[in-house]
J.: 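What follows is a structure written as structure tokens; I'll ask about it next.
Hydrogens, waters and symmetry mates are skipped; everything else that's a heavy atom, side chains included, is used. In this text, all values refer to a predicted model and were calculated from it rather than measured experimentally. Lettering of chains follows the sequences in order, A, B, ..., and the numbering in each one begins at 1.
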Amino acid sequence: MSNFSFPKTLRLLNSHDFKQVFDNAKIKVSNAEMLILACRSQHASPRLGLIIAKKNVRLAVHRNRIKRIIRESFRRQQHNLTNVDIIVLAKRGIDRLENQEVHERIDKLWRKVAQKAQR
RNA sequence: CGAGUCGACUAGACAGUCGCUGUCUGCGCAAGCAGAUGGAGGAAAGUCCGGGCUCCAUAGGGUAGGGUGCCAGGUAACGCCUGGGGGGCGUAAGCCCACGACAAGUGCAGCAGAGAGUAGACCGCCACGUUCGCGUGGUAAGGGUGAAAGGGUGCGGUAAGAGCGCACCGCGCUCCUGGCAACAGUGAGUGGCAAGGUAAACUCCACCCGGAGCAAGACCAAAUAGGCUUCCAUUGGCGUGACCCGCGCUGGAAGCGGGUAGGUUGCUAGAGGCUUGCGGUGACGCAGGUCCCAGAUGAAUGACUGUCCACGACAGAACCCGGCUUACUGUCGACUCGCUUU
């Protein structure tokens, strides 16, 4: 298993997909900077959706940066996650973290999600 | 060397690994796979102006409303830019200015002050009266108040004064000269002379502006079906979006019940970039050559590692251009002033 690509099949694509996760959010994991909602899905692989609110991260540059880092991390960890749909919500203050810090913290959250999904 | 002014450029570089996305080519029924190649900014920002484009009528007349405001030019257009005039700031390079009209009308102005607008006697000065306390009148030269007090200086004049008269300066008007014009002038004549300020106060004058925006709009699939009830009625209703006219279409409105909200396009070849020549003081224009340079849509241009250096600021396209404003890194050039040295 050496495929680490991130095609559209690994993303939540429309409001219907997002609504499904919000309504059936069995798994909730969070820290000071972000909140993860997730639920099991019919698909073979995990899928990711991001909500970085303008209210919480004011500058577009920071919003893009955070999205890219989370996507990159998801791409590398995708085989440790099972068939769950995941939404990551950014909280206020996340734009003050350095890139490396964001990496470390999102990695911890992935592990927690994987543990909860196993049960 | 220091302080400053103006202009131009720049926005870490290179290598490797793993990813995202547009296009092209090949393979494949298809999903997709492989290769090649392109992939944020000078402000992409604020959304403050102007235009293109789209629909509303091919946007036409009037009112209301809004904008602009020295002159000439540039431009698709502008509130932008260039050149010029006038005023102000700075030793200077240079910078700043909504810079039409308050001798059309209306309004506004704290404190001080006698008086703040067809001026005005508190002190003073002068004349007359006087019970010697002062009263009546004249007077804007002097004092005082104030941001601002009705042209300035001198001479004449007078009871004391005053553009009351005169000279010079200043100001208004007419003409002349220069300039396309704004405007300028040791120009000529004329008027005693102007009784304030404020128009980003109402207003007046001149010029300009139809509205809404890519969630505009177009197409495909689906659907608005069919049906029932009630009301109004062709002088009505809708398009219509500040209002009236005008124009176009047509029976219209409400309720009951059933049902859907996915995709394609618009979407990037343009008032385009670079370059050469010519015209112009310049903004810019004309002609030739050459290049194709993001097009996402839960939203791409990133992450990590290594090396180097000046150790990397502000900041992310969403239909597209031209400006303005704001944020901010570094470099270079020209010029100004000061100091030191020669």
J.: Expressed as a whole number of angstroms, how long is the span from Phe74(A):CZ to G298(B):C1'?
T.: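 Answer to the nearest Å: 14 Å.
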J.: Taking the C1' atom in each of G237(B) and G258(B), what is the distance between them to the nearest angstrom?
T.: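 Pairwise C1' distance, G237(B) against G258(B), rounds to 28 Å.
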J.: Please measure how far the P atom in C56(B) lies from the corresponding atom in A218(B), and state the result in whole Å.
T.: 8 Å
J.: Can you tell me, in whole Å, how much space there is between the C1' of U174(B) and that of C208(B)?
T.: 36 Å
J.: When rounded to the nearest Å, what value does the distance between C1' atoms of G161(B) and G142(B) take?
T.: 12 Å
J.: I'd like to check the side chain to side chain contact (heavy atoms under 4.5 Å, CB included) partners of Arg65(A); sequence neighbours left out, ordered by chain and number.
T.: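 In terms of side chain to side chain contact (heavy atoms under 4.5 Å, CB included), with neighbours along the sequence ignored, Arg65(A) is linked to His62(A), Ile69(A), Asn99(A).
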J.: What distance, rounded to whole Å, do you find between the two P atoms, one in A59(B) and one in G211(B)?
T.: 14 Å
J.: Please tell me if the side chains of Asn31(A) and Lys108(A) come closer than 4.5 Å, counting only heavy atoms from C-beta onward.
T.: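 They are not in contact (no side-chain heavy atoms under 4.5 Å apart), so the answer is no.
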J.: Show each protein N/O and nucleotides 301-305 of chain B N/O combination with a separation under 3.5 Å, one pair to a line.
T.:
{"unit_1": "U301(B)", "atom_1": "OP2", "unit_2": "Arg68(A)", "atom_2": "NE", "d": "2.7"}
{"unit_1": "U301(B)", "atom_1": "OP2", "unit_2": "Arg68(A)", "atom_2": "NH2", "d": "2.9"}
{"unit_1": "G302(B)", "atom_1": "N2", "unit_2": "Glu72(A)", "atom_2": "OE1", "d": "3.4"}

J.: Sticking with atom P, work out how far G107(B) lies from A112(B), rounded to a whole angstrom.
T.: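 The same atom, P, in both gives a distance of 26 Å.
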J.: Rounding to the closest angstrom, what is the interatomic distance between C284(B) and C324(B) at atom P?
T.: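 Going atom to atom, P in each nucleotide, I get 12 Å.
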J.: Write down the distance separating the P atoms in G262(B) and C244(B), rounded off to the nearest Å.
T.: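 That atom pair is separated by 40 Å.
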J.: Where each residue is assigned the nucleotide of RNA chain B containing its nearest heavy atom, which of Lys67(A) and Arg63(A) is assigned the position nearer the 5′ end?
T.: Lys67(A)
J.: Going by side chain to side chain contact (heavy atoms under 4.5 Å, CB included), name the residues that satisfy it together with Lys91(A), two or more places apart in sequence or in a different chain.
T.: Ser30(A), Leu35(A)
